[in-house]
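Every chain is numbered from 1, with letters handed out A, B, ... down the list of sequences.
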Amino acid sequence: MREADPGGHVGVSVESASAWVRAWADAIATNKQALTKLDSAIGDGDHGTNMDRGMKAAVDKLAGSAAADVGTVFKTVGMALVSKVGGAGGPLYGSLFMQMGSAAGGESELSPEGFATAFEAGVNGVVARGKAARGDKTMLDALLPAAEALKEAVGQGTSWPDALRRAEEAAREGMEATIPLVARKGRASYLGERSAGHQDPGATSSHLLVECATETLAKGSS
Amino acid sequence: MREADPGGHVGVSVESASAWVRAWADAIATNKQALTKLDSAIGDGDHGTNMDRGMKAAVDKLAGSAAADVGTVFKTVGMALVSKVGGAGGPLYGSLFMQMGSAAGGESELSPEGFATAFEAGVNGVVARGKAARGDKTMLDALLPAAEALKEAVGQGTSWPDALRRAEEAAREGMEATIPLVARKGRASYLGERSAGHQDPGATSSHLLVECATETLAKGSS
Amino acid sequence: MKKLINEPDDVVREELEGIAAAHGDAVRVSLDPAYIARADAPVAGKVGIVSGGGSGHEPMHGGFVGRGMLDAACPGEVFTSPTPDQMLEATKAVNGGEGVLHIVKNYTGDVLNFEMAADLAKDEGIEVEAVVIDDDVAVQDSLYTAGRRGVGTTVLAEKICGAAAEDKRSLHEVADLCRRVNGAGRSMGMALTSCTVPSAGEPTFELGDDEMEIGIGIHGEPGRERMPLEPAARVVERLAGPVVDDLDLSEGDEVLAFVNGMGGTPLIELYIVYNELRKLLDGRGVRIARNLIGPYITSLEMAGCSITLLKLDDELTRLWDAPVVTPGLRWGA
Amino acid sequence: MKKLINEPDDVVREELEGIAAAHGDAVRVSLDPAYIARADAPVAGKVGIVSGGGSGHEPMHGGFVGRGMLDAACPGEVFTSPTPDQMLEATKAVNGGEGVLHIVKNYTGDVLNFEMAADLAKDEGIEVEAVVIDDDVAVQDSLYTAGRRGVGTTVLAEKICGAAAEDKRSLHEVADLCRRVNGAGRSMGMALTSCTVPSAGEPTFELGDDEMEIGIGIHGEPGRERMPLEPAARVVERLAGPVVDDLDLSEGDEVLAFVNGMGGTPLIELYIVYNELRKLLDGRGVRIARNLIGPYITSLEMAGCSITLLKLDDELTRLWDAPVVTPGLRWGA
Ligand SMILES: Nc1ncnc2c1ncn2[C@@H]1O[C@H](COP(=O)(O)OP(=O)(O)O)[C@@H](O)[C@H]1O
Ligand SMILES: Nc1ncnc2c1ncn2[C@@H]1O[C@H](COP(=O)(O)OP(=O)(O)O)[C@@H](O)[C@H]1O
Ligand SMILES: [Mg+2]
Ligand SMILES: [Mg+2]
Ligand SMILES: [Mg+2]
Ligand SMILES: [Mg+2]
């Protein structure tokens, strides 16, 4: 059973959703070189730059808009990513946020269940767009386990911060598990066996996304 | 007065002229990298390769022909150089040998005076073709002093080997004296002040030519 | 990083400004969203052809905009596919009422962004067909992977489809032709050096002084295999061998032979490669009926080359020979 | 040394074989003595134009043989001027009875060998005029030195004189025109990297990772000055400034702006350079009426660029626009 919430509410507001987005933008900026380096090893060395350009645009767009509901926050971010990132990352992360936004709908605040459902919808959006599966050595190797862990933890009544922490752990494991894999999707697949031994850049940026959730979405809860 | 010649004759025969050419070809081959390196510093890095290609062709041509006189030996070499070397070196060394050949005429053997005169004519051919003067940092800085020293020594009745040695010394001094010079002719002149501090490649190959003379033309004399 | 640029972030915009200034008589350049279109676009009654991809492959694609080739090209950031809004605007700008063909190189990013753009264009009532080029035999094809990359055949497809569109063929016909070119063309590339993405500032990979990378793509991705340097004759065998096999070329076949420079390799070397290629093809009885030699689909300043062979028939040859007037490829006018 | 070659000694011969195989319909290649001539040479009643120089500058000169440009080109070894017998044979091959113009870049070797060739040709009764191109403002001109080098203006002179020869102008007129182009064109170049002569096997000079060389020639000769890397805008000032000054360009003048790649610099950077150049010229009220952007007079795989400005008048513009059909430059046909 979920613990009582002394702070009054548990969940994801327009403010905390925006804070999450900003935190991810910061994390991407901080890790820009590292992401690009990972992408240089098995891709084309632009993942950090691309995501940084896109997330800076997303944060700007968000600041300029007065989103009244969580769905609008996510859709704004998704559209910014689609129109500013390009590459594989743009449409994929764009789909993640746009589908999350659709699932979130017009709510001004999402419950933990609501967020877990929206996040799952977003991840399914990535699957639908990119047609990759778990084990293909992509961002989905971090996103799918995170979505599942979050849903399960919330379903089991785990406290909201703990549920987010479990999602982060799942994302981290999934990210690290990409290291030995031979890529089957994305640019790394061109390398065949040579793609093994390197961590997937998209899984790494996805882990950052979930990690930022533990720091921002749990705010205001015990 | 010239010393008595116990060996019977002093001078330059078809054989010794040919030996001189072959010795220079060998010296160029041995110093190919070094010449090219000098040319890289203040030119375009091809002097060693060019001269090696040309002298190999000259030696081949000489072997294939049965030159009956010294003039023909030199003209054969000059024509091979003109048609195989290219660059500045081709026409300049070509002129040297062709003019030497003209001056040598149909003699089957040149006296020391005859050779000194022919060599001077050759060097003047280089002057006429390239319009450079002493101090311009070119091959002439080795050739002109060598021709003068040879002429003077022979005129003074110095022994033939000693006369050749004096010519070699003059060529060496002239070659070394190119180091501090700022080039006024050839590719090195494009460098302006930056050409100072480097030895001229053409003066270096010219010194080799005179050095080979001391080893080959003095043969058969005391 | 040694490049003639100003700020890394401004590379693509400044390049586009340069193209606009240099070729303003022939092309129209939009900076935001970024695309290059024929000055006379849309051409009424003609199928429009749009391509695009990351920048850094110049002259592809922007240099191929003009009569007889592309109607528009969308340049992304360096090595990053462009975005759907660029493609949508370019598609709208060149739609002459007969629909628009998207020629897409098979990279996840390019395919996904062009898919989104096609959906948006269809929403606006524009008929769009997309053909994905996947001609790189260095990559194993499979249903379960991203499949082969799109490389050199893209240039040939753009030229040939451009000629067909000038002939006023229908969208469906031009798209079919494009698929046919894709089926008849195969490529493989190699690198002597890596390249440096301006925003990364460092070479994408490191190669020893005596090493080369075989089976590279056009984005500085490492290749399939790293090995000691070899003479040009042997390199050509490594590249052309798999291409000839994959195309199943046999005695009497005619091909277009395309020897492409990766950006940092000068023409003198490409002619030596071409010389080896013609000897190899001679030996198999394959006739080179047409050729293209030069840096046409590049990877920034990478040194290396790729070989593309396109099996020709009379129709493809005729369309290849048709006039083309672009900054990057020009003949017949 | 990383090059797509076989043996260093075979580079030029194999390149020529490649050119013969690729462009056999348009040019005739003689391997010994080495020269490339128009397939239809000699053209009766037309002045023949012959140029030549060391190899390693491709497409110059061999790539400029064809209608509207050169009748023949003589390739020397890499960076080594060709020999008189090559020039003589080429001159004989293209003499259509109206005499032959030799376009010679001002390097001691080129000048001396062409002088000898002209003497030999005259002995055989062929009228020859030689024009020496010396447009490089990086080199101080003086009566007592070898004078300025011949660089980018050579390409423009070959194109413009080629057009005049097609118009059936006399040898004297075409030679005068060539001198006029030489007087109206000035260039300056820079290098980001050195280049490696195949037979030398090592870079001709060494440049630090953060250094560039200003005022280079086209043979890997070191330049006038070595300095820290700078943004493209500043580099363009360093190159174009002296050119504009030397030509004494002023408000209202029209120029042909030629941004040339040295062999290892990709097109994307050349467009950025062009963009800076047009801003600089805009600022001085000089109008770019024509442009040429690409690697046309190269220095093997050297990274860098040169800028050439040619002051235009109506005649030069018209001759520039005239059709040209060569492997390296083509329009109007
Ligand atoms: N089909 C796909 N589905 C999900 N993720 C993918 C797919 N293809 C690639 N990715 C992810 O995209 C990442 C690369 O993104 P990015 O570098 O921005 O794009 P690009 O490969 O176009 O340069 C990969 O590390 C991988 O995680
Ligand atoms: N005008 C000249 N007169 C005499 N010697 C010259 C002249 N110009 C150049 N040289 C000599 O030629 C040498 C260079 O020869 P080489 O490298 O074969 O020719 P290139 O400069 O054409 O590459 C210089 O080192 C210099 O000694
Ligand atoms: Mg990438
Ligand atoms: Mg030299
Ligand atoms: Mg990319
Ligand atoms: Mg030379």
Task: Greater than 12 external heavy atoms within 6.0 Å of D/Glu202's CD - done: no

| message | Tell me whether the count of non-hydrogen atoms from other residues, nucleotides or ligands lying under 6.0 Å of CZ in D/Arg67 goes above 12. | response | no

Checking the side chain of C/Glu269 only, and the main-chain atoms of D/Leu4 only, is there a donor and an acceptor separated by less than 3.5 Å?
yes

| task | Using modelled atom types only, decide if a donor and an acceptor are shared between the side chain of D/Lys2 and the backbone of C/Glu211 within a distance under 3.5 Å. | result | yes

How about D/Leu229 and C/Met1: do any of their side-chain heavy atoms sit closer than 4.5 Å? no

Next item on the list: State, without any angle test, whether D/Glu14 and C/Asn275 hold a side-chain donor-acceptor pair at a distance under 3.5 Å.
Entry: no

So, the part of D/Arg330 with a heavy atom under 4.5 Å from chain C: the answer is both

The interface call for D/Asn291 against chain C, heavy-atom contacts under 4.5 Å, is side chain

Cut-off 4.5 Å, heavy atoms of chain D, and the answer for C/Glu276 is side chain

Heavy atoms of D/Pro266 and C/Leu300 approach each other most closely as CB-O, 3.5 Å

Note to self: Do C/Asn6 and D/Ile272 have side chains that approach each other closer than 4.5 Å (heavy atoms only, starting at C-beta)?
What the structure shows: yes

Turns out that what part of D/Val12 lies under 4.5 Å from chain C's heavy atoms comes down to neither

